[in-house]
Amino acid sequence: MLGCELPVGTCPDMCPAAERAQRERERRLHRLEVVPGCRQDPPRADPQRAVKEYSRPAAGKPRPPPSQLRPPSVLLATVRYLAGEVAESADAARAEVASFVADRLRAVRLDLALQGAGDAEAAVVLEAALATLLAVVARLGPDAARGPADPVLLQAQVQEGFGSLRRCYARGAGPHPRQPAFQGLFLLYNLGSVEALREVLQLPAALRTCPPLRKALAVDAAFREGNAARLFRLLQTLPYLASCAVQCHVGHARREALARLARAFSTPKGQTLPLGFMVNLLALDGLREARDLCQAHGLPLDGEERVVFLRGRYVEEGLPPAGTCKVLVESKLRGRTLEEVVMAEEEDEGVDRPGSPA
């Protein structure tokens, strides 16, 4: 706000002590925040596991004091904890983890907005938070809609994360070494969006010529053209975070490609095509997934390894199958932890910086 100097947070913990005590009294602790094995009633908060929850700012309510705001260093440590411990937790379903992480990352962004942090250090926090959110959302299974994670809300949170980060970049106070990668993630997450493409094309040429953005623009072009062969070849070359960002479009791209095959090959008597061809073309995870995809669209099978394109049989009902995306996403980790990827993926991938020698 003009004429208003924002404070700098001083809270040293992931969750302020006052909030921990209040939520403990009100029984509002998440099970991932309580002392392991605690049998007390009400459950006791673990200061090493409790994370500040999001609370919508109310009109007329005074700003929180610095003691209730976490400084950028603590916010980054919080994001690292969410990526390294919570997101990898084997004790909770992925939908529960996604819901918890999304809420706590929303609180991270709010804490950052309520204090006077520099753009460079703010960008580092926002990048790590967005990377973590993209990863936990991508890990949701096709049955996530029946769990505690609301797909629509999660999508809104991802877009909010992109908005906060890109506004930080737009203020111009850098350097922001990871900007090319995250501008590319923005385009991949919004694949096919005219508005997203326009915003990316308005970026400085030094950014647009960086490898992550060139690759994202190539993926977007292949997606718009309906060039499935080129699209899925490019998708297989993307690093992990980029694959997480684009995963929400994979099912639609496979459906569109299958529809084109049906129009090209369908005959009154039926024409067969090896399922192995479809596995390679659409980067599927094997023959079983190819069979499931064909059957979900009404196409009969000839044995275990061939699909029959029979005129009038292809149908589209509901959303396309989500698929497992092991080839396109999960395999890209290559033994790294999510925390390692979240904190510095583009260094691992050898991405050029803006203005660096070709």
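Any value given below was found using the heavy atoms of this structure, including those in side chains, with hydrogens, waters and symmetry copies removed.
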Problem set entry | Atom CD of Glu305: over 12 foreign heavy atoms under 6.0 Å | no
Problem set entry | Carboxylate-amine/guanidinium contact Arg109 Glu160, below 4.0 Å | yes
Exercise. Do Asp46 side-chain atoms and Glu33 backbone N/O form a donor-acceptor pair below 3.5 Å?
Worked result: no
Exercise. Sub-3.5 Å donor-acceptor pair from the side chain of Asn227 to the main-chain atoms of Arg230, do we have one?
Worked result: yes
Seminar exercise, completed: Minimal heavy-atom distance between Ala50 and Met14, with the atoms involved, is O-CB, 3.5 Å
Problem set entry | Where Pro321 and Ala296 come nearest, the two heavy atoms and their spacing | CG-CB, 3.8 Å
Exercise. Would Tyr81 and Arg49 satisfy side chain to side chain contact (heavy atoms under 4.5 Å, CB included), going step by step from the backbone distance to the final call?
Worked result: CA-CA 9 Å; Tyr81 167 76; Arg49 304 177 76 207; 3.5 Å; yes
Exercise. Can you tell me how far CD of Gln115 sits from CD of Gln68, rounded to the nearest 0.5 angstrom?
Worked result: 12.5 Å
Exercise. In terms of heavy-atom contacts, does CD of Gln48 have more than 12 from other residues, nucleotides or ligands at under 6.0 Å?
Worked result: no
For this session: Might you point out which heavy atoms bring His249 and Leu191 nearest each other, and give the distance in Å?
Result: NE2-N, 3.4 Å
Exercise. Rounded to the nearest 0.5 Å, how far does CZ of Phe182 lie from SG of Cys168?
Worked result: 12.0 Å
Exercise. Do Gln295 and Arg291 have side-chain N/O donor and acceptor atoms under 3.5 Å apart?
Worked result: no
For this session: Show your reasoning for whether side chain to side chain contact (heavy atoms under 4.5 Å, CB included) applies to Leu154 and Leu140.
Result: CA-CA 11 Å; Leu154 290 176; Leu140 291 175; 3.5 Å; yes
For this session: Show the numbers, then the answer: is there a side chain to side chain contact (heavy atoms under 4.5 Å, CB included) between Arg44 and Val34?
Result: CA-CA 6 Å; Arg44 189 157 50 90; Val34 302; over 6 Å; no
Exercise. Which value, rounded to the nearest 0.5 Å, describes the distance between Leu284 atom CG and Glu289 atom CD?
Worked result: 5.0 Å
Problem set entry | Pair Asn190, Gln159: side-chain N/O donor-acceptor within cut-off below 3.5 Å | yes
Exercise. Roughly how far, to the nearest 0.5 Å, is CG of Leu165 from CZ of Arg178?
Worked result: 9.5 Å
Exercise. Would Arg311 and Ser266 count as having a side-chain donor-acceptor pair, cut-off 3.5 Å?
Worked result: no
For this session: Report the distance from atom CG of Leu275 to atom CG of Asn280, rounding to the nearest 0.5 Å.
Result: 11.0 Å
For this session: Mind telling me whether His176 and Tyr169 have parallel, tilted or perpendicular rings, with 30° and 60° as the class edges?
Result: tilted
Problem set entry | Any donor-acceptor N/O pair, Asp103 side chain to Glu53 backbone, under 3.5 Å | no
Problem set entry | Lys/Arg N to Asp/Glu carboxylate O, Arg20 vs Glu24, below 4.0 Å | no
Exercise. Nearest heavy-atom pair of Leu301 and Cys294: which atoms, and what distance?
Worked result: CD2-CB, 4.2 Å
Exercise. Relative to the ring of His30, is the ring of Phe100 parallel (under 30°), tilted (30 to 60°) or perpendicular (over 60°)?
Worked result: tilted
Exercise. Does NZ or CZ of Arg104 lie under 6.0 Å from the centre of the six-membered ring of Tyr54, at an angle within 45° of the ring axis?
Worked result: no
Exercise. Got a second to check how far Leu241's CG is from Leu238's CG, nearest 0.5 Å?
Worked result: 11.0 Å
Exercise. Run the side chain to side chain contact (heavy atoms under 4.5 Å, CB included) check on Val246 and Tyr189 step by step: do they pass?
Worked result: CA-CA 5 Å; Val246 81; Tyr189 189 78; over 6 Å; no
